[in-house]
Amino acid sequence: MAVLAKVRRSKASAAQSAAARRSVSAEFPLGAAHNADIAAAFEEIADLLEIENANAFRVRAYRNAARVVGGLPNEAAAMLARGEDLTELPGIGKDLAGKIAELVKTGGSAVLADLHKHAPQGLVELLRLPGLGPKKVKALHDKLQIETVSQLHRALQDGRVRDLAGFGAQTEKRLLQALEAKSASGGRMKLAVAAQYAEPLAEYLRKSPGVGQVAVAGSYRRARDTVGDIDIVATAKDAATVMERFVSYPETARVLSRGPTRSTIVLRSGIQVDLRVVAPESYGAALVYFTGSKAHNIAIRRIAQGRGLKINEYGVFSGKRRLSGETEDSVYQSIRLPTIPPELREDRGEIEAAKAKSLPDLIELKDLRGDLHAHTTATDGRNSLQEMALAAKARGYEYVAITEHSRHLTIAHGLDPARLARQIGQIDAFNRQKRGIRILKGIEVDILDDGQLDLPDTILSRLDLVVAAVHSKFNLSRAQQTERVLRGLDNPYVTILAHPSGRLIGRREPYDIDMPRLLKRCQERGCFIELNAHPDRLDLLDTHCRMAKELGVLVSINTDAHSTSDFDNMRFGVGQARRGWLGRDDVLNTRPLARLLELLARARRS
DNA sequence: ACGCCTGTGCGTGCCTATCTTCTGATAGG
């Protein structure tokens, strides 16, 4: 909790009087850099410094700062505007705070511009190639004047690279392969896509003779919204058999490396998979190690150091003596910490919370009692009202809200007041049959360009809940977009703000909007915010979940189901909610029906 | 570059496997 605690403290002291003097609006200066922009700039500076062989600690300071700023629950720009002191953040001193201010003010950085004079931007892209680190990139640049990926490609084909000191025929071959693979795949995949590849592969390995445990670890296990590569941990008395089976997986395109305990393959789809095989007594330690995150691993290893112990992927050691390692619990126990759930292992305060015995009791799939966002064949869904309701019941739910699109979304055949009135009648009729599930009457109403809702209050007033959403004009300026949605929230019938950033992972960037301000308005207004569980969206971000929790704004985890099978996406939403530190009480749709109806009614009244 | 402690300096995130090439670079969490 270190980061948040510090932010809160500074808010309470210095910033409070500043905020009182300032008008509440314009929290985020127009054109300012977002946290992600700042983090990217710091990463680039670190990369270039590393190529220039700068002081390693300086490089680390930039990387650290990138991680801290990237994980902030508030925009650094807004914090500055409120007069907060950024040097209170861990790892941010006078210098880096100045550079953040510079990035916020000018959108650029003098240090970065200066570095580009000697080391052009293309070098950073070279660094991303597997097999190329700072030393080799520098050699390519110094000796062959290579600055871009295409120049490297040409040099490789001309055979100029293999003669450099430190390079050889093997390196040449691997780099050429890496360049091909780069155009083929590249980037991170959505969590749900990773699941499609990881689970069958894990199942395949479980059939290996003599294999014990098999688990998918890495960012997949931490439930990140996207996954870079797939990491698998297995136990076996005889690792060689499992390794052999792994590299001969039918979907294997290439074997990148193969050792007695670790191998890496690339699948035909371009996805990289690492397998680590250890003895059964090391399973827990290997799982901790391979689950990460790296920052979390370093943090717990430091704690061990402080106690004169050593943690590696084989166990926790005192000298040569192994104290633990068979289970994850035993590893954490050895350093006197409760087991930290994988979704929290990002070194974003979970270690401090564990020490203070204040880890959150995270929400689980079974805690959910309903889904508050679903569609039927009346608009763009694929199943009928009754099919959707019964499918929800089959998931053990007490209630499901049917929330069709409104008329403005013509492509989805959105409802006008007359058609919505007809559906209200159908739902009432269904509910009278007492089928063991309650359908809530709702709508996913468009927030129009000017902030008005797409349907009149006369019909909205007849519903149990109103989910409001943006489906058009994604490119408004930050100020306009924020204003538009705030105006939408002013309508007294709105109960939930749906997929609040509008992003589609890998396809559409989030629209530019002041999320902290939206959350604050939800708090004042007594309404709720959605965490859309669709694997293409996963929208609310984990950092914003955490902020909602701090503000006491309940989050509704909804699948936005367009078919009965879509209800299964709930697990992805729960994963993201857990990454956002949410417990059962922080989530709206864990409430039993009667309590939920009270909350919905209160949100409308206020 | 941070951060602590001091007094303008100094120490400073963990630990291991694999490959390629020759002692270390890169990658992995």
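Below, all heavy atoms of this structure are taken into account, side chains as well, without hydrogens, waters or symmetry copies. Values in this document were obtained by computation on a predicted structure and should not be read as measured data. Naming convention: chains lettered A, B, ... in sequence-line order (proteins, then strands); numbering from 1 in each chain.
Whole-Å rounding puts the A/Lys138 NZ to B/dA25 P distance at 13 Å. As rounded to whole Å, 15 Å separates atom P of B/dG29 from atom NE2 of A/His296. If you measure from atom CD of A/Gln177 to atom P of B/dC19, you get 14 Å, rounded to the nearest angstrom. At whole-Å resolution of the value, CG in A/Asn64 and P in B/dC14 are 12 Å apart. Regarding A/Ile298, its CD1 atom lies at a distance of 7 Å from the P atom of B/dC14, rounded to whole Å. Atom C1' of nucleotide B/dT26 and atom NZ of A/Lys294 are separated by 12 Å, given to the nearest angstrom. Rounded to an integer number of Å, the gap from A/Leu275 CG to B/dT18 P is 11 Å. With rounding to whole Å, A/Leu129 atom CG is found 9 Å from B/dA27 atom P.
Close to B/dT16, at under 4.0 Å from its OP1 or OP2, lies a side-chain N or O of A/Lys310. Of the side-chain N and O atoms in A/Asn297, none sit less than 4.0 angstrom from OP1 or OP2 of B/dC14. Distances shorter than 4.0 Å separate none of the side-chain N or O atoms of A/Arg262 from OP1 or OP2 on B/dA17. A/Thr264 has no side-chain polar atom (N or O) that falls below the 4.0 Å cut-off from OP1 or OP2 of B/dT18. Phosphate contact (OP1/OP2 of B/dA17, side-chain N/O of A/Tyr314, threshold under 4.0 Å): present. OP1 or OP2 of B/dG3 has not a single side-chain nitrogen or oxygen of A/Lys94 nearer than 4.0 Å. Note on A/Gln305: every side-chain N or O is 4.0 Å or more away from OP1 and OP2 of B/dG13.
Of the candidate nucleotides B/dT26, B/dT21, B/dG29, B/dG29 has the atom lying nearest to any side-chain atom of A/Arg222. Here the side chain of A/Pro260 is nearest to one of B/dA25, B/dT21, B/dT18, namely B/dT18. Taking every side-chain heavy atom of A/Arg258 into account, B/dC19 is the closest of B/dG29, B/dC19, B/dC2. Here the side chain of A/Arg174 is nearest to one of B/dG29, B/dC19, B/dG13, namely B/dC19. With B/dC2, B/dT18, B/dT20 as the choices, the nucleotide that has an atom nearest any side-chain atom of A/Ser257 turns out to be B/dT18. Taking only side-chain atoms of A/Pro134, from C-beta outward, the nucleotide of B/dT26, B/dT20, B/dA17 with the closest atom is B/dT26. The side chain of A/Lys136 lies closest to B/dT26 when the candidates are B/dT21, B/dT26, B/dT16. Closest contact between the side chain of A/Arg58 and the listed nucleotides B/dG29, B/dT16, B/dA1 involves B/dA1. Among B/dG13, B/dG28, B/dT21, the nucleotide with an atom closest to any side-chain atom of A/Tyr289 is B/dG28. When each of B/dT26, B/dT12, B/dC15 is scored by its nearest atom to the side-chain atoms of A/Asn55, the top-ranked nucleotide is B/dT12.
In this structure, A/Ser219 reaches neither bases nor backbone, as no heavy-atom distance under 4.0 Å exists between it and the strands shown. Residue-level contact check: A/Gln272 touches the backbone only, with heavy atoms under 4.0 Å from sugar-phosphate atoms and none from bases. A/Thr291 comes within 4.0 angstrom of sugar-phosphate atoms only, judged by non-hydrogen atoms across all strands, and of no base. Residue contacts shown for A/Ile92 are limited to sugar-phosphate atoms, with no base heavy atom under 4.0 Å away.
Spacing between B/dC22 and B/dA17 at atom P, rounded to whole Å, works out to 24 Å. Taking the C1' atoms as reference points, B/dG3 lies 14 Å from B/dT8, given to the whole Å. On the C1' atoms, B/dC15 is 25 Å away from B/dC10, given to the nearest whole Å. Rounded to whole Å, the C1' atom of B/dA25 lies 9 Å from the corresponding atom of B/dT20. Distance check on atom P: B/dA1 versus B/dT6 gives 25 Å, rounded to whole Å. Rounded to whole Å, the C1' atom of B/dT12 lies 14 Å from the corresponding atom of B/dC5. With P as the reference atom, B/dG13 and B/dC2 are 15 Å apart, rounded to whole Å. A distance of about 12 Å separates the P atoms of B/dT26 and B/dT21, rounded to the whole Å.
Between A/Met243 and A/Gly131, the residue whose closest nucleotide on DNA chain B is further toward the 5' end is A/Met243. Each of A/Lys99 and A/Gly166 has a nearest nucleotide on DNA chain B; the 5'-most of these lies closest to A/Lys99.
Counting only residues at least two apart or on different chains, the salt bridge (charged side-chain N to carboxylate O under 4.0 Å, His left out) pairs with a member in residues 192-217 of chain A are A/Glu203-A/Arg206. Applying the ring pair (Phe, Tyr, Trp, His ring centres under 6.0 Å) test to every pair with at least one member in residues 39-98 of chain A, sequence neighbours left out, gives these pairs: A/Phe42-A/Tyr62.
Residues A/Thr235 and A/Val278 form a side-chain contact, since some pair of their non-hydrogen atoms from C-beta on lies under 4.5 Å apart.
Between the side chain of A/Arg60 and the base of B/dG13 there is at least one donor-acceptor pair of N/O atoms closer than 3.5 Å.
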Next on the checklist: Using the rule given for salt bridge (Lys or Arg N to Asp or Glu O under 4.0 Å), can you reason through A/Arg82 versus A/Glu75, listing the C-alpha separation, both sets of side-chain angles and the distance that settles it, and then say yes or no?
Outcome noted: CA-CA 11 Å; A/Arg82 286 195 294 265; A/Glu75 290 281 9; over 6 Å; no
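In the displayed structure, A/Glu509 atom CD is contacted under 6.0 Å by at most 12 heavy atoms of other residues, nucleotides or ligands.
In the model, A/Arg188 has a side-chain atom that pairs as donor or acceptor with a side-chain atom of A/Thr226 under 3.5 Å.
Using modelled atom types, one side-chain atom of A/Ser282 and one backbone atom of A/Tyr314 make a donor-acceptor pair closer than 3.5 Å. In this structure, A/Arg571 contributes its side chain and A/Leu365 its backbone to no donor-acceptor pair below 3.5 Å.
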